[in-house]
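Just the heavy atoms: all of them, side chains too, but no hydrogens, waters or symmetry mates, feed the values below. Order of the sequence lines sets the chain letters (A, B, ...), proteins ahead of strands, with each chain counted from 1.
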Amino acid sequence: MEEEKAKSLNFIEEIINEDLKNGVYHKVHTRFPPEPNGYLHIGHAKSICLNFGLGKKYNGQTNLRFDDTNPVKEETEYVDSIMEDVRWLGFDWEDRLYYASDYFGQLYDYAVILIKKGTAYVCDMSAEEISETRGTPTRPGKESPFRNRTVEANLNLFARMKTGEFPDGSKVLRARIDMASPNMHMRDPVLYRILHANHHRTGDEWCIYPMYDFAHGQSDSIEGITHSICTLEFEVHRPLYDWFIREIGLYAPRQIEFARLNLSYTIMSKRKLLQMVRENFVNGWDDPRMPTICGLRRRGYTPESIRNFAETIGVAKRDNVIDMSLLEFCIREDLNKRSNRIMAVLNPVKVILDNYPEDQVEEMECINNPEDETKGKRKVPFSRELYIEREDFMEIPSKKFFRLSEGGEVRLKAGYIIKCNRVIKDPGTGEISEIHCTYDPLTKTGMPESNRKVKGTLHWVSAKHAVTAEVRLYDRLFIKENPDDTEEGKEFTAYLNPDSLKTVTAFIEPSAKELAPGEKLQFERLGYFCVDKDTIPGKMVFNRTVTLKDSWTKSEKK
RNA sequence: UGUCCGAUGGUGUAACUGGCAACACAACUGAUUCUGGAUCAGUAGAGUCUAGGUUCGACCCCUAGUCGGACAACCA
């Protein structure tokens with residue numbers, strides 16, 4: 001069994017196995033290192049599942065570390081949401097919660113080591129000057145006039161940077177590497193900048209903050225990380241990552257890069273998600289149309305489905321765009337097994353059973369989940385006046401229409417077979433207002449006659465017993481793929497789907513009253529829904545998680 | 001006119017490290033069903049970016065191209 005699994009290792013596992021075999025490392029210790037500057041999205045979920053999954057698979061450990069080296073972008077709100085989301089996904093960092101800001105003192109000492117070695121210096125150039133003298137990818141940069149300051153001068157200046165003597169932007173600490181390096185990141189990168197800003201954890205203790213490159217590898221090293229897994233854009237940073245470790249003389253983790261997740265019709269940039277929230281294109285980070293973990297959660301996704309999705313998409317180094325239909329498959333697969341069925345009518349038309357006694361009410365027995373016997377049954381009231389879905393009736397049926405039509409028969413789920421006799425239309429609009437039918441008393445579910453073949457089965461709700469509810473029909477937020485391509489300034493407005501959120505008032509069978517926020521169910525033939533957090537007694541609110549298979553694309557094709 | 005990385009069906013990921021390209025999603029067909037769902041059975045779809053080379057044999061190794069991505073924040 002173990003050997004069979006060994007056949008389909010991903011490239012990261014191959015590297016790890018190789019390292020373990022060669023004794024480069026003797027254990028596996030990974031970390032998930034988000035910057036607390038926004039909410040986590042499905043792309044982070046891939047990384048979380050990867051890192052924590054590897055930790056578990058190799059009987060190792062995984063840390064949660066906040067990469068909080070830029071106080072102007074980071075907030076406690078984000079820290080809290082990230083911890084909540086990681087936990088919700090089902091992962092546990094146990095007692096290994098860290099912050100890069102925990103290492104500010106240590107990092108400062110590392111910088112001093114470099115200064116003493118002559119491989120770091122204080123530079124007085126402005127950001128613009130540094131940028132100009134860095135050159136371009138194809139042209140080498142120019143050396144800073146401050147590059148050859150003495151160790152003593154650098155030590156003195158760096159200490160004074162720390163004490164707050166200099167204004168923001170007036171000086172930086174840079175590594176002294178190679179201004180002609182073909183790798184831009186090796187052209188005397190900035191290690192520390194002056195930022196008189198309040199940090200969400202260290203407050204005003206520091207006014208100089210390390211850059212990502214100077215903090216990340218060292219943080220990995222301090223924590224004893226063996227495999228530091230990050231996304232592809234950090235590939236060109238790896239020489240620098242290794243350079244700092246070597247130059248300071250630290251234990252060396254191995255950085256491995258993988259391709260980040262792209263989902264069709266979905267924006268996965270934190271910056272743009274933030275913009276969507278700030279400019280009210282959506283109603284917050286947990287808007288169910290958002291690809292954020294909290295959005296998916298509110299939408300009705302389960303942690304299991306997301307973990308399974310991450311597992312299914314795999315991990316590699318080539319750019320990829322995963323089709324939404326795979327994510328949808330994963331959630332349907334999970335919800336199909338776990339969610340109870342319930343009857344709801346979103347777009348009602350009244351059906352009157354002319355031969356059904358005026359005041360009679362029957363309790364029809366319904367199976368809660370045909371996929372799971374243990375979920376039991378429930379009673380649903382049935383009476384003379386019902387609602388069915390308007391689309392489930394067609395006066396003149398087309399050849400492939402299996403549902404109710406004039407003169408035709410259809411089965412009401414868990415009820416009777418009915419036959420349509422006539423329809424009444426609104427004289428003004430011409431719209432059908434009532435469908436008059438007769439029911440066949442011998443065809444009640446369970447009775448011998450009920451086995452009679454009829455072409456279709458409809459879901460229904462008793463008009464006088466139904467509960468009304470607000471149902472939010474979430475669709476994809478974007479109608480075009482790769483909205484990232486749009487020009488600056490209107491990144492995604494052009495692609496926004498005006499129908500991404502439709503709200504209808506639906507009629508639902510009375511058992512809906514018992515549901516609590518967060519509960520997931522399948523509206524018979526309509527899709528998977530969950531009870532929204534906005535639900536309060538007397539006002540039910542449902543979110544559509546996902547439609548049943550294919551109906552989006554089918555309706556698109558029409 | 002640079003450095004680094006990548007290239008396998010419509011989409012993703014595999015291929016025992018050189019042995020006749022597999023799995024999942026999507027698509028299609030049929031069976032079944034009191035959900036046009038689910039389930040079950042089946043079909044189609046790539047010869048692995050190109051051109052050379054090594055080899056009995058190449059998705060895998062070598063050479064040269066082509067195409068795509070990343071890199072020029074005091075962001076991460």
| query | Would you say A:Arg193 reaches B:A76's phosphate, i.e. side-chain N/O to OP1/OP2 under 4.0 Å? | reply |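 For B:A76, OP1/OP2 do have a side-chain N/O of A:Arg193 under 4.0 Å.
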
| message | With a cut-off of less than 4.0 Å, is there a side-chain N or O of A:Arg525 near OP1 or OP2 of B:G36? | response |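 The answer is yes; a side-chain N or O of A:Arg525 sits under 4.0 Å from OP1 or OP2.
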
| request: Would you tell me whether A:Asp323 and A:Ser325 have side-chain atoms, one donor and one acceptor, within less than 3.5 Å of each other? | output: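 Per modelled atom types, A:Asp323 and A:Ser325 side chains form a pair under 3.5 Å.
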
The side chain of [X] lies closest to which of these nucleotides: [options]?
X        : options             : answer
A:Ile130 : B:G37, B:C75, B:C74 : B:C74
A:Met211 : B:G12, B:A73, B:C71 : B:A73
A:Ala316 : B:G36, B:U13, B:G69 : B:U13
A:Pro182 : B:U35, B:A72, B:U3  : B:U3
A:Lys73  : B:C74, B:C75, B:G2  : B:C75
A:Phe329 : B:C75, B:A26, B:G12 : B:A26
A:His185 : B:A14, B:C71, B:C5  : B:C71
A:Leu548 : B:G37, B:G12, B:A76 : B:G37
A:Ala127 : B:C74, B:G2, B:A15  : B:C74
A:Met184 : B:C71, B:A14, B:G37 : B:C71

Across the strands shown, which category fits [X] at heavy-atom distances under 4.0 angstrom: base, sugar-phosphate, nothing?
X        : result
A:Asp213 : nothing
A:Asn183 : nothing
A:Leu326 : sugar-phosphate
A:Lys455 : nothing
A:Ser131 : sugar-phosphate
A:Val321 : sugar-phosphate
A:Phe234 : base
A:Lys317 : sugar-phosphate

| task | Start with the C-alpha distance between A:Glu333 and A:Asn308, add both sets of side-chain angles, then the distance that settles side chain to side chain donor-acceptor pair (under 3.5 Å), and finish with yes or no. | result | CA-CA 10 Å; A:Glu333 184 187 42; A:Asn308 188 44; 3.2 Å; yes

Would you state whether a donor and an acceptor, one from the side chain of [X] and one from the base of [N], lie under 3.5 Å apart?
X        : N     : answer
A:Arg139 : B:G2  : no
A:His237 : B:A76 : yes
A:Glu371 : B:U39 : no
A:Glu235 : B:G6  : no

| request: Give the C-alpha distance, both sets of side-chain angles, the deciding distance and a yes or no for side chain to side chain contact (heavy atoms under 4.5 Å, CB included) between A:Met211 and A:Thr69. | output: CA-CA 7 Å; A:Met211 300 291 292; A:Thr69 57; over 6 Å; no

| Would B:U17 be called syn or anti, given that syn covers angles within 90° of 0? |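 What B:U17 shows is a syn base, its glycosidic angle lying within 90° of 0.
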
| field | Assigned glycosidic conformation for B:G68 [threshold 90° from 0] | value |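 Chi for B:G68 falls in the anti range.
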
Distance check, [atom1] atoms only: [N] and [M], in whole angstrom units.
N     : M     : atom1 : value
B:A44 : B:C49 : C1'   : 24 Å
B:U32 : B:A22 : C1'   : 29 Å
B:G52 : B:G12 : C1'   : 31 Å

| query | Any side-chain heavy-atom pair from A:Thr443 and A:Val454 closer than 4.5 angstrom? | reply |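 Result no, sub-4.5 Å side-chain heavy-atom pair not found.
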
| query | Does the side chain of A:Phe478 come within less than 4.5 Å of A:Thr266's, by heavy atoms? | reply |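 They are not in side-chain contact.
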
| query | Can you list the residues that meet the side-chain hydrogen bond (donor to acceptor under 3.5 Å, both in side chains) rule with A:Ser339, with sequence neighbours excluded? | reply |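 Counting only residues at least two positions away or on another chain, A:Ser339 forms no side-chain hydrogen bond (donor to acceptor under 3.5 Å, both in side chains).
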
| So what does the secondary structure string of RNA chain B come out as, 5' to 3', with Watson-Crick or wobble pairs under 3.5 angstrom, [ ] for crossing and | for pairs with another strand? | .((((((..((((.....[..)))).(((((.......))))).....(((((..]....))))))))))).....

| request: Output, in order, the C-alpha distance, side-chain angles, deciding distance and verdict of side chain to side chain contact (heavy atoms under 4.5 Å, CB included) for A:Val79 and A:Arg201. | output: CA-CA 11 Å; A:Val79 171; A:Arg201 290 190 74 244; 5.9 Å; no

| said: Distance check needed: B:C25 P versus A:Glu328 CD, whole Å only. | reply: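 My rounded result for the distance is 14 Å.
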
